[in-house]
Engineer: 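Here it is: the structure, laid out below.
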2 protein chains.
Amino acid sequence: MSRRKATAGSDAETRALAELRHLVLAAQREGNRWLADELRPAGLTPSQAEILSVLAEQGELTLAEVGRLIVCETGSPSRVVDLLVKRNLVRREPGTVDRRVVHLSLTAQGRDLMETVTKAEHALNMAMLQALSAQERNTLATLLRRVLVGTGSGEAISKRYGLG
Amino acid sequence: MSRRKATAGSDAETRALAELRHLVLAAQREGNRWLADELRPAGLTPSQAEILSVLAEQGELTLAEVGRLIVCETGSPSRVVDLLVKRNLVRREPGTVDRRVVHLSLTAQGRDLMETVTKAEHALNMAMLQALSAQERNTLATLLRRVLVGTGSGEAISKRYGLG
DNA sequence: GCAGTGTCGGTGACACGACATCAATGATGA
DNA sequence: TCATCATTGATGTCGTGTCACCGACACTGC
């Protein structure tokens, strides 16, 4: 047929693309639910665990830096951090040299929780390990990376995992 | 090392799995933002468009049926539908034979909007068409389907697209 | 110094997503 | 028939994601 590079597409093609969109959506939702289940006993949500994770990895960060590292949230994650501060898991101290910024770091209590967080992520990892071989996981990652080229989230991920 | 099949995994492996989780998350977020941008002029959100889509595809459905077909939302999407009814895009009539159920269908106004919805989905499709070849898209779909085996979302998708 | 520009963090508004609970109704079986 | 159980849909609550907006502050060039 006279199908060209990036034009409309047949009905079947549209359908396949819609399925693909839904598959991505579904994978995210299922993963999030799984993670939420694992984290619930610790009183944490996936988003909160994300924040704790980057702080555990990178040490002290400003709010904007955290916002750029985590995939979630376009703006700055002020409110999620608020909850963590209230629960004494994260310390927030105003910057002295640049007085706009806020420096975030884990408290001792927050560091203690990291073990639980790691264990929860492990549960999700197991599911993926069982479903896909190492090579398939690599293929999946490569394709998704390709889809995300040129997006902010893509940048965030390659900054966090790339060339690592 | 005495590393076995589906046990803990090395540090590098854990890192790779975390990246994979984030890639899925990022793909979903970026897609959703893209779709939201396209739908905003029409005053629709991606979730709302989802509901309109299934109703356009399948005709009249009950709330529970819609809930099972769409990937989103674990319970029943009462509230999203509420908004659509208020905006006169969806008709909601109580069931007569089973008086618990509620029958949903598109209004003429809702059907008119479908063109816009289709066009918005198209925009997202284009992005995927440009990033991946047909074969790569197929691979991606296959792998994601595998990850979703045994999950509710997986069921929903194969019910909607499977054996089609 | 100073005006214009951009960045940082916070907040209000709105809609979702997930969970728990509830009343109404239907289905089942003693 | 009647008690029990399951399903449907609605609702309250909480946290999140997104956008728009704001004030505070830093930086740049003049």
Engineer: Could you list the protein-to-nucleotides 25-27 of chain D atom pairs, N/O on both sides, closer than 3.5 Å?
Structural biologist:
| unit_1 | atom_1 | unit_2 | atom_2 | d |
| --- | --- | --- | --- | --- |
| dA26(D) | OP1 | V97(A) | O | 3.3 |
| dA26(D) | OP1 | R99(A) | N | 3.1 |

Engineer: Which nucleotide in the list dT11(C), dA10(D), dA15(C) gets nearest to the side chain of D82(A)?
Structural biologist: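 Of the options given, the side chain of D82(A) lies nearest dT11(C).
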
Engineer: Whole angstroms only, please: what is the CG-C1' distance between N32(A) and dG15(D)?
Structural biologist: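 These atoms are roughly 11 Å apart.
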
Engineer: Do you know which of R29(A), Q28(A), E30(A) makes side-chain hydrogen bond (donor to acceptor under 3.5 Å, both in side chains) with S153(B)?
Structural biologist: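 That would be E30(A).
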
Engineer: I'd like to know if R79(B) reaches the base of dG12(D) with its side chain, counting only an N/O donor and acceptor under 3.5 Å.
Structural biologist: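 Side chain to base: pair found, below 3.5 Å.
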
Engineer: So, is S78(A) close to the dT11(C) phosphate, meaning a side-chain N or O under 4.0 Å from OP1 or OP2?
Structural biologist: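 No, outside the criterion.
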
Engineer: Determine which pairs satisfy ring-ring contact (aromatic ring centres under 6.0 Å, His included) with at least one residue from residues 22-54 of chain B, sequence neighbours left out, and list them in order.
Structural biologist: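 Found Y161(A)-H22(B).
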
Engineer: Determine, using the 4.5 Å side-chain heavy-atom cutoff (strictly less than), whether L106(A) and V101(A) are members of one ILVMFWY cluster.
Structural biologist: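 No.
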
Engineer: In whole Å, what is the span from the CG atom of L89(B) to the P atom of dA15(C)?
Structural biologist: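 That distance rounds to 13 Å.
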
Engineer: Could you tell me whether the phosphate oxygens of dC16(C), OP1 or OP2, come under 4.0 Å of any side-chain nitrogen or oxygen in Q48(B)?
Structural biologist: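 The answer is yes; a side-chain N or O of Q48(B) sits under 4.0 Å from OP1 or OP2.
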
Engineer: E38(A) CD to dA18(C) C1': how many Å, rounded?
Structural biologist: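 Rounding to the nearest Å, CD of E38(A) and C1' of dA18(C) are 16 Å apart.
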
Engineer: Closest nucleotide of DNA chain C for E30(A) versus for R68(A): which of these residues is on the 5' side?
Structural biologist: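 Nearest-nucleotide comparison on DNA chain C picks R68(A).
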
Engineer: Tell me the interatomic distance from E93(B), atom CD, to dG9(D), atom C1', rounded to whole angstroms.
Structural biologist: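 Distance, rounded to whole Å: 16 Å.
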
Engineer: Rounded off to whole Å, could you give me the CZ-to-P distance for the R29(A) and dT16(D) pair?
Structural biologist: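 Those two atoms, CZ and P, are 15 Å apart.
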
Engineer: Check this for me, if you would: do R79(B) and D82(B) make a salt bridge, where the nitrogen-to-carboxylate-oxygen distance has to be below 4.0 angstrom?
Structural biologist: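 Salt bridge absent between R79(B) and D82(B).
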
Engineer: Can you tell me the distance, in whole Å, between the CG atom of L83(B) and the C1' atom of dG9(D)?
Structural biologist: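 In whole Å, dG9(D) C1' lies 16 Å from L83(B) CG.
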
Engineer: For R100(A), check salt bridge (charged side-chain N to carboxylate O under 4.0 Å, His left out) against everything at least two apart and list the hits.
Structural biologist: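 R100(A) satisfies salt bridge (charged side-chain N to carboxylate O under 4.0 Å, His left out) with D98(A) only.
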
Engineer: Walk me through it: do R137(A) and E13(B) pass the test salt bridge (charged side-chain N to carboxylate O under 4.0 Å, His left out)?
Structural biologist: CA-CA 11 Å; R137(A) 295 196 303 270; E13(B) 191 176 36; 3.4 Å; yes

Engineer: For A36(B) and for V102(B), find the nucleotide of DNA chain D with the closest heavy atom, then tell me which residue's nucleotide is more 5'.
Structural biologist: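 Closest to the 5' end, via its nearest nucleotide, is V102(B).
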
Engineer: Using a 4.0 Å heavy-atom cut-off, does T45(B) contact any base of the nucleic acid, only the sugar-phosphate backbone, or nothing at all?
Structural biologist: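 Touches sugar-phosphate only.
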
Engineer: Figure out the CD1/C1' separation between I51(A) and dG17(D), and round it to whole Å.
Structural biologist: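 About 13 Å, once rounded to whole Å.
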
Engineer: Figure out the CG/P separation between L104(A) and dG9(C), and round it to whole Å.
Structural biologist: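 Rounded to the whole Å, the gap is 8 Å.
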
Engineer: Using the rule that Ile, Leu, Val, Met, Phe, Trp and Tyr join whenever any side-chain heavy atoms are under 4.5 Å apart, tell me whether V54(B) and L39(B) fall into a single cluster.
Structural biologist: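 As far as the 4.5 Å side-chain criterion goes, L39(B) and V54(B) are connected within one cluster.
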
Engineer: Looking at E65(A) and K159(A), is there a salt bridge between them, counting it only when a charged N and a carboxylate O are closer than 4.0 Å?
Structural biologist: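 Not counted as a salt bridge, because no side-chain N and carboxylate O are separated by less than 4.0 Å.
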
Engineer: Kindly point out which of dG9(D), dG17(C), dC8(C) is positioned nearest to the side chain of S47(B)?
Structural biologist: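 Closest nucleotide to the S47(B) side chain: dG17(C).
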
Engineer: Choosing from dG17(C), dA10(D), dG17(D), which nucleotide comes nearest the side chain of R92(B)?
Structural biologist: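 Shortest atom-to-atom distance from the side chain points to dA10(D).
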
Engineer: Does dA20(C) have its OP1 or OP2 closer than 4.0 Å to a side-chain nitrogen or oxygen of R40(A)?
Structural biologist: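 Indeed not, no polar side-chain atom of R40(A) lies that close.
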
